[in-house]
2 protein chains.
Amino acid sequence: MPQDPLFNQSLEKGLAVLKAFGTGRSTLSLAEIAERAEITKSSAQRMVHTLELLGYLAKEPGSRRMRLTPKVMELGYNYLAGDALLDVANPYLAELSRLSEETVNLTEPDGDSMVYVARFVAHRFIPIHMPIGSRIPMYCSGAGRAYLSALDHDTARALVERSPRPRHTEHTLVESREILERIELARRRGFSSQAEEIFLGDMSLAAAVVNSHGQPLAAVHIAAPTSRWRLEEAEARLAPLLIDCARNISGSFRGR
Amino acid sequence: MPQDPLFNQSLEKGLAVLKAFGTGRSTLSLAEIAERAEITKSSAQRMVHTLELLGYLAKEPGSRRMRLTPKVMELGYNYLAGDALLDVANPYLAELSRLSEETVNLTEPDGDSMVYVARFVAHRFIPIHMPIGSRIPMYCSGAGRAYLSALDHDTARALVERSPRPRHTEHTLVESREILERIELARRRGFSSQAEEIFLGDMSLAAAVVNSHGQPLAAVHIAAPTSRWRLEEAEARLAPLLIDCARNISGSFRGR
DNA sequence: CTCCATTGTATCGAATATCGATACGATCAT
DNA sequence: ATGATCGTATCGATATTCGATACAATGGAG
């Protein structure tokens with residue numbers, strides 16, 4: 001009974017196989033792939049065979065487990081390569097990293113998460129390793145709250161309320177009322193902040209990048225380790241630079 | 001006529017659609033997708049519909065053209081997240097960038113290209129924008145030659161000879177004899193170099209990262225703009241730091 | 001503003017490629 | 001050495017994908 005005659009379930013299964021490598025281990029046996037992708041062993045066999053021929057999967061030498069090849073990055077890279085905002089933002093992000101001497105990131109929204117699309121790492125500290133493409137939840141991140149603060153109130157509220165809100169650390173805010181208060185504060189101040197709500201030892205300040213209608217496209221954030229900054233001090237010293245950076249990116253993108 | 005009864009052509013078509021966004025424009029109409037993916041309009045319709053439901057494609061607001069969503073980066077990110085070498089390398093790469101005050105990259109081999117998997121951008125200069133996931137050919141890049149120099153001679157020769165070798169600039173070496181000489185030199189010196197063979201104004205020095213059997217896994221390279229360095233000077237000052245970095249990564253990975 | 005060419009969307013019957021089950025053989029752990 | 005688990009190959013049934021085509025929507029030209 002094909003409910004949607006245009007939907008192709010083979011493609012769904014194939015992508016589920018690629019996504020199966022996201023959870024946990026980096027090499028998987030066929031049985032594990034079938035289990036994680038929630039498909040039958042036969043389907044897994046076909047999909048793995050196809051992906052191997054196409055060069056996206058390879059047998060781990062010496063065993064029969066499969067692993068992703070660097071070729072899968074072509075798929076994600078195409079997004080980055082076509083992202084006009086990223087091109088515009090890069091020099092401003094580099095400058096902010098130079099001025100602040102801290103790690104600076106650009107993230108874009110997807111569902112209820114923010115996705116890292118650019119990252120300039122400060123020299124003096126290697127913080128939590130967050131490669132391009134990784135995700136942080138909107139509700140408890142500075143970047144997410146900055147993004148939400150540039151949406152209209154009802155849209156932001158709806159997003160927060162329907163998002164799962166696990167407690168990552170003892171400091172994570174999980175009550176939607178509290179979170180919405182922080183978003184309201186961010187709206188007034190022009191930037192948002194977050195202290196140790198995702199990782200202990202890590203704070204962040206963030207500001208939204210907006211289009212010509214004021215709608216948010218992305219967020220810039222500075223990662224400030226608690227070992228070097230108190231929150232108040234970071235807000236006083238870094239927030240003006242941050243807001244300036246986000247405003248410059250927004251302005252340049254408009255005139256692109 | 002299913003020549004290979006295990007091969008799933010729907011999956012191939014779906015991935016071809018995602019890859020179609022790599023060539024040229026960042027938004028495509030259905031007709032353009034069908035053309036670039038080399039599939040019929042009907043197939044394109046089904047694949048696009050499916051990818052849209054799964055969240056990998058979205059309609060560009062205000063038009064009917066499609067664009068990739070950040071969600072596609074999940075696929076590529078899974079590779080990075082599972083890459084043990086990358087974890088080990090990061091601090092050493094950061095240190096090399098700090099010491100050299102230039103941009104440092106880690107690349108891994110795929111086919112006849114090297115793929116960027118990590119990048120530490122120097123503050124004082126924003127060179128050619130090469131995001132994670134982008135590729136450079138082995139035959140004319142420092143990283144590629146460093147990688148090839150750690151393979152046995154015959155394997156390296158075969159790779160170079162069967163690789164297409166377009167001339168990117170007036171300085172690009174395209175004769176396999178010349179290229180193999182450079183690889184031989186790299187083998188003796190422990191690092192390779194390249195000056196303006198891909199982009200004018202850009203040189204690079206590179207060294208291979210090897211496993212416990214001496215087989216290459218990746219390459220570290222420093223991008224040195226011609227505006228700041230003469231080749232001989234760069235080789236004298238930067239190569240020792242570079243070799244040290246690659247050796248440290250190799251050693252740490254062995255003991256992982 | 002109208003018309004036309006092009007593009008996106010929906011539908012359909014045919015038949016092929018995909019489906020899941022199963023059987024066999026290889027591999028690993030005990 | 002033995003058994004259990006896992007990867008590989010094969011099969012018949014049929015659901016699902018196939019390409020064609022018809023229709024509607026769009027956008028540009030005149």
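Letters A, B, ... mirror the listed sequences (proteins, then strands); counts begin at 1. These numbers come from the heavy atoms of this one structure, side chains and all, not from hydrogens, waters or symmetry mates.
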Gap between atoms [atom1] and [atom2], on [X] and [N] respectively (whole Å):
X: B/Ile33; N: C/dG8; atom1: CD1; atom2: P; result: 8 Å
X: A/Phe7; N: C/dA10; atom1: CZ; atom2: C1'; result: 18 Å
X: A/Leu30; N: C/dA26; atom1: CG; atom2: P; result: 17 Å
X: A/Lys41; N: D/dC6; atom1: NZ; atom2: C1'; result: 6 Å
X: A/His49; N: D/dG7; atom1: NE2; atom2: C1'; result: 13 Å
X: A/Leu28; N: D/dC6; atom1: CG; atom2: C1'; result: 14 Å
X: B/Glu12; N: C/dT18; atom1: CD; atom2: P; result: 10 Å
X: B/Leu11; N: D/dT17; atom1: CG; atom2: P; result: 12 Å

Is B/Gln9 close enough to D/dT17 that one of its side-chain N or O atoms is under 4.0 Å from OP1 or OP2 there?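 Checking B/Gln9 against D/dT17: no side-chain N or O falls below 4.0 Å of OP1 or OP2.
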Can you tell me if B/Ser10 touches the phosphate of D/dT16, counting only side-chain N or O atoms and a distance under 4.0 Å to OP1 or OP2?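 B/Ser10 to D/dT16 OP1/OP2: no side-chain N or O under 4.0 Å.
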Need to verify one output field. Residue with the more 5' nearest nucleotide on DNA chain D, B/Lys13 or B/Ser63?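 Upstream on the strand: B/Lys13.
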Closer to the 5' end of DNA chain D via nearest nucleotide, is it A/Arg46 or A/Lys59?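 Looking at DNA chain D, the more 5' nearest nucleotide goes with A/Lys59.
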What's B/Ser29 touching, base or sugar-phosphate or nothing? Going by heavy atoms closer than 4.0 Å.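 Sugar-phosphate only.
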Please work out if B/Gln45 contacts a base, only the sugar-phosphate, or nothing of the nucleic acid, heavy-atom cut-off 4.0 Å. base
Return yes if a side-chain donor-acceptor contact under 3.5 Å exists between [X] and [Y], otherwise no.
X: A/Thr155; Y: A/Asp152; answer: yes
X: A/His49; Y: B/Asn8; answer: no
X: B/Asn105; Y: B/Arg119; answer: yes

Is A/Ser250 reaching over with its side chain to a backbone N or O of A/Val210, donor-acceptor style, under 3.5 angstrom? yes
Minimum-distance nucleotide to B/Thr40 side chain [options: D/dC18, C/dA10, D/dG19]: D/dG19
Nearest-neighbour nucleotide for the B/Arg64 side chain, D/dG7, D/dA20, C/dG8 considered: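 Closest nucleotide among those given: C/dG8.
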Does the distance from a Lys or Arg side-chain N to an Asp or Glu carboxylate O, for A/Glu74 and B/Arg135, drop under 4.0 Å? yes
With nearest nucleotides of DNA chain C determined for A/Ser42 and B/Ala31 from heavy-atom distances, which residue corresponds to the more 5′ nucleotide? B/Ala31
